[in-house]
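Contents: one structure, followed by commentary.
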Amino acid sequence: MSDLMFPGAGDGGGAEGPAGEAEGLIKETSTRSFVADVIEESRRQPVLVDFWAPWCGPCKQLTPVLEKVVREAGGSVKLVKLNVDDHPGIAGQMGIQSIPAVFAFHDGRPVDGFMGAVPESQVKAFIERLGGKPGGGEREAALAAARTAFNSGDLTAAARGFAEILQSDSQNADAIGGLAQCYLQMGDLDHARTTLALAGPELAEKPPVASARAALKLAEQASEAGDITSLRAAVEADPNNHQARFDFAIALNAAGDKEGAVEALLEIIRRKRDWNDDAARKQLLQFFDAWGPMDMATQTGRRRLSSLLFS
């Protein structure tokens, strides 16, 4: 079972859709069947989840394109559709605030995604990247090497690797986001901004780019948050000083204490959920965007937020 915990896990299965979906490549899902249809199924091949609603005009444009491209992919990927009006819990847990939104799951986890009614060419490129189609092997290997360097702390090698990819593929979302994250780790916010400016409008909602942009905003906030020690003292002196606790969370995140940052914001929600126009929940979602869907702090934080909001 995946460590992503969704409501009603394992207590039911979804029905197949129309005859055209009987092949098993395309189906509707529900809160109860999400784990079986998406989490478990993604351990066999990538699964796209189309978050949609009947009233959504762009959804009506995108869904037929998704279905067409998935059928043409010949079984290398599956499509699962979730009506967010009927099943809002999962979309809320994942921080989805606009539709259409498409997330790709692989090995039980969300790995990529996009928002909006993108053209067919972009959907094809998205699915080809997930399926590891011929022609992408060298680039994927280069990306993997750059990510490994980044994760090991070799920011110079990581930045060089991402930059080399951008020389031949200037709109590679993974490389743009990765290079921007390198600059952020180096404390070079100006170059991070310049790198993110390379991304065209169609890349704005790509997870690597969106994550780097959210991380840049957090870095800018951190410079104004204040000293951790003084903020901790302010919170201890007055537990209902929500602004001090909010700033404390930002400072903790800047210092690398993700769990502490999550706990501070959750405490604001526990004490006064609607404080400052729901600022604590919004800041949590910004943290999750910056950390990315694969980060354990994101996954744990989403579960805790969902449990708190829906308890």
Side-chain angles (χ1 to χ4, degrees), residues 92-95 97 147 150-156 158-159 176-197 207-309:
Q93 181 178 337
M94 295 186 67
Q97 298 180 342
R147 292 189 190 106
F150 180 86
N151 292 333
S152 66
D154 191 348
L155 298 176
T156 300
I176 291 174
L179 183 57
Q181 293 280 15
C182 287
Y183 284 129
L184 288 171
Q185 289 295 313
M186 295 174 184
D188 190 343
L189 273 59
D190 288 337
H191 275 96
R193 293 188 192 96
T194 302
T195 301
L196 287 169
V209 174
S211 177
R213 186 169 286 115
L216 173 60
K217 290 180 181 178
L218 291 180
E220 292 169 339
Q221 287 177 321
S223 64
E224 304 173 359
D227 174 69
I228 287 182
T229 301
S230 60
L231 289 169
R232 189 193 307 274
V235 171
E236 291 174 350
D238 180 5
N240 288 318
N241 186 340
H242 303 312
Q243 184 62 58
R245 195 183 297 275
F246 184 88
D247 293 340
F248 184 44
I250 293 173
L252 286 171
N253 177 65
D257 186 355
K258 297 177 181 178
E259 291 77 9
V262 168
E263 178 56 38
L265 291 174
L266 289 175
E267 183 62 24
I268 294 174
I269 296 172
R270 291 189 193 99
R271 289 174 176 269
K272 189 172 177 59
R273 181 172 298 188
D274 60 352
W275 172 78
N276 197 16
D277 192 25
D278 206 18
R281 184 188 66 83
K282 292 175 182 176
Q283 185 63 57
L284 263 178
L285 295 180
Q286 189 175 347
F287 280 160
F288 299 155
D289 286 342
W291 301 339
M294 302 292 288
D295 194 287
M296 286 301 298
T298 297
Q299 296 178 15
T300 302
R302 285 193 188 280
R303 288 199 297 269
R304 295 184 66 192
L305 176 61
S306 177
S307 176
L308 182 60
L309 293 179

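Each residue takes its place number in the sequence, starting with 1.
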If you look at every heavy atom in [X] and [Y], which pair is closest and at what distance?
{"X": "Leu308", "Y": "Arg273", "answer": "O-NH2, 3.1 Å"}
{"X": "Leu305", "Y": "Leu266", "answer": "CA-CD2, 4.0 Å"}
{"X": "Ala249", "Y": "Phe287", "answer": "O-CZ, 3.9 Å"}
{"X": "Leu216", "Y": "Ala192", "answer": "CD1-CB, 4.5 Å"}
{"X": "Ala280", "Y": "Ile268", "answer": "CB-CG2, 3.7 Å"}
{"X": "Gly95", "Y": "Arg302", "answer": "N-NH1, 3.1 Å"}

Fill in: Salt bridge Glu236-Arg232, side-chain N to carboxylate O under 4.0 Å
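Salt bridge between Glu236 and Arg232, a charged N being under 4.0 Å from a carboxylate O: no.
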
Practice prompt. Inspect the contact between Lys217 and Glu220 and indicate whether a charged nitrogen and a carboxylate oxygen are less than 4.0 angstrom apart.
Written response: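 A salt bridge is absent here (no side-chain N lies under 4.0 Å from a carboxylate O).
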
Is any side-chain heavy atom of [Y] closer than 4.5 Å to one of [X]?
{"X": "Leu252", "Y": "Glu263", "result": "no"}
{"X": "Arg303", "Y": "Thr300", "result": "yes"}
{"X": "Val235", "Y": "Asn241", "result": "no"}
{"X": "Gln181", "Y": "Pro208", "result": "no"}

If I take atom [atom1] from residue [X] and atom [atom2] from residue [Y], how far apart are they, to the nearest 0.5 angstrom?
{"X": "Lys258", "Y": "Thr298", "atom1": "NZ", "atom2": "OG1", "value": "6.5 Å"}
{"X": "Gln93", "Y": "Ser307", "atom1": "CD", "atom2": "OG", "value": "10.0 Å"}
{"X": "Leu284", "Y": "Asp289", "atom1": "CG", "atom2": "CG", "value": "11.0 Å"}
{"X": "Gln243", "Y": "Phe248", "atom1": "CD", "atom2": "CZ", "value": "14.0 Å"}
{"X": "Glu267", "Y": "Lys272", "atom1": "CD", "atom2": "NZ", "value": "14.5 Å"}

Worksheet entry | Evaluation steps, side chain to side chain contact (heavy atoms under 4.5 Å, CB included), between Leu189 and Tyr183 | CA-CA 7 Å; Leu189 273 59; Tyr183 284 129; over 6 Å; no

Worksheet item: In this structure, are over 12 heavy atoms from other groups packed under 6.0 Å from Lys282 atom NZ?
Response: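 More than 12 within 6.0 Å, yes.
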
Discussion item. Please determine whether side chain to side chain contact (heavy atoms under 4.5 Å, CB included) holds for the pair Met186 and Leu184, giving the CA-CA distance in whole Å, both sets of side-chain angles, and the decisive distance to 0.1 Å.
Written reply: CA-CA 5 Å; Met186 295 174 184; Leu184 288 171; over 6 Å; no

Worksheet entry | Side-chain donor or acceptor of Asp238 paired with backbone N/O of Asn240 under 3.5 Å |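 Such a contact is found between Asp238 side chain and Asn240 backbone.
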
Practice prompt. Would you confirm whether Asp257, through its side chain, and Gly260, through its main-chain N or O, come within 3.5 Å as a donor-acceptor pair?
Written response: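 Yes, Asp257 side chain to Gly260 backbone: donor-acceptor pair under 3.5 Å.
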
Practice prompt. Could you walk me through whether Ile250 and Leu218 pass the side chain to side chain contact (heavy atoms under 4.5 Å, CB included) test, one step at a time?
Written response: CA-CA 7 Å; Ile250 293 173; Leu218 291 180; 5.6 Å; no

